[in-house]
Amino acid sequence: MRTLTVGAAQLGPIQKAEGRQEVVARMIALLDDAAAKGCDLVVFPELALTTFFPRWYMTDPAEIDTWFESVMPNAATKPLFDRARELGVAISFGYAEKTPDGHHFNTSILTDKAGAIVGKYRKIHLPGHSEFDEKRAFQHLEKRYFEPGDLGFPVWHALGGLMGMCICNDRRWPETYRVMGLQGVEMVMLGFNTPSVNSQKSDEGIEDRLFHHKLSLQAGAYQNSTWVIAVAKAGDEDGHHLMGGTVIVDPNGKVVAETKTEGDELIVHPCDLDATRFGKETIFDFKRHRRIEHYGLITSQTGVEPPSV
Ligand code: CDT
């Protein structure tokens, strides 16, 4: 057994006016609880330090940059890194990253148990749109504020296993898991901010949204025989509701732990990384069973091109 005890630390809503220090204090409270419960690793949501700001239309670059971190750790997040190091607990969380040369990414990081950053991922599948869209019930401007990630889907030797990350919308795309699966990933960590209503289809509500969320995670976990840790930012942010549904999914595709609220809430599960072996060595032994000679369209073509009649 190679057991990694994981805490999925859901955050409740963060209002637009709430500062990073307040949020970091909430994250530290969850981290303390996780350490007391024996966690090796605590995973926090996408854009964990602020409200889900891509719902707000902004034009002033200086205002936009107030939502970004140009150094990590920084003054606001140092107490979180310090506490994680004191407790000997690894952490993963998402934030808006501005690079020294001015690029903007939706990023997540993984630290080791000494608080050193050992992995960084930049969100590749950015949902939404880049200009104000009056037809939507509310805006989702990730394509305005972020560039698509430029780091691929790396997998790292960390915490005694093979660890990968993706972010929110990435979880809906089978390619995300498969690229990591081909590197032997044993645990995928991801955070999400998912509105509980479809802004372009008002009759698609929270029940459908939670269904699609779990469907994607469970399929990704099963088809690549990996643990998946999916962590929400949930609840009502300035009148905009985000669904909960923080879950831990085992390599068989089963949900083994799930939050019950839309507030700050920790769920904990002992994840045996060796439980990924059976699937990887049998039905999903890629080397024996994949037929790449038939998969060319996946990387040569983006959109749908029906055959000619
Ligand atoms: N944050 C994020 O990626 N949210 C998306 C919403 C999709 S609707 C524009 C998600 O996939 O949950």
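When a ligand or atom number is given, it counts from 1 through the structure's own listing order.
Taking the charged nitrogens against the carboxylate oxygens, Arg209 and Glu204 do have a contact shorter than 4.0 Å, which makes a salt bridge. A salt bridge does not link Glu175 with Arg178: every distance from a Lys NZ or Arg NE/NH1/NH2 to an Asp or Glu carboxylate oxygen is 4.0 Å or more.
Counting heavy atoms from C-beta outward, Cys39 and Val268 have side chains that approach closer than 4.5 Å.
Side-chain contact, Glu237 with Thr51: a donor N or O sits under 3.5 Å from an acceptor N or O. Using modelled atom types and a 3.5 Å distance limit, the side chains of Gln10 and Thr259 yield a donor-acceptor pair. In the model, Thr194 has a side-chain atom that pairs as donor or acceptor with a side-chain atom of Arg171 under 3.5 Å.
Within 4.0 Å of ligand 1, protein heavy atoms come from Glu46, Phe52, Lys123, Pro127, His140, Glu142, Cys168, Asn169, Arg171, Arg172, Asn193, Thr194.
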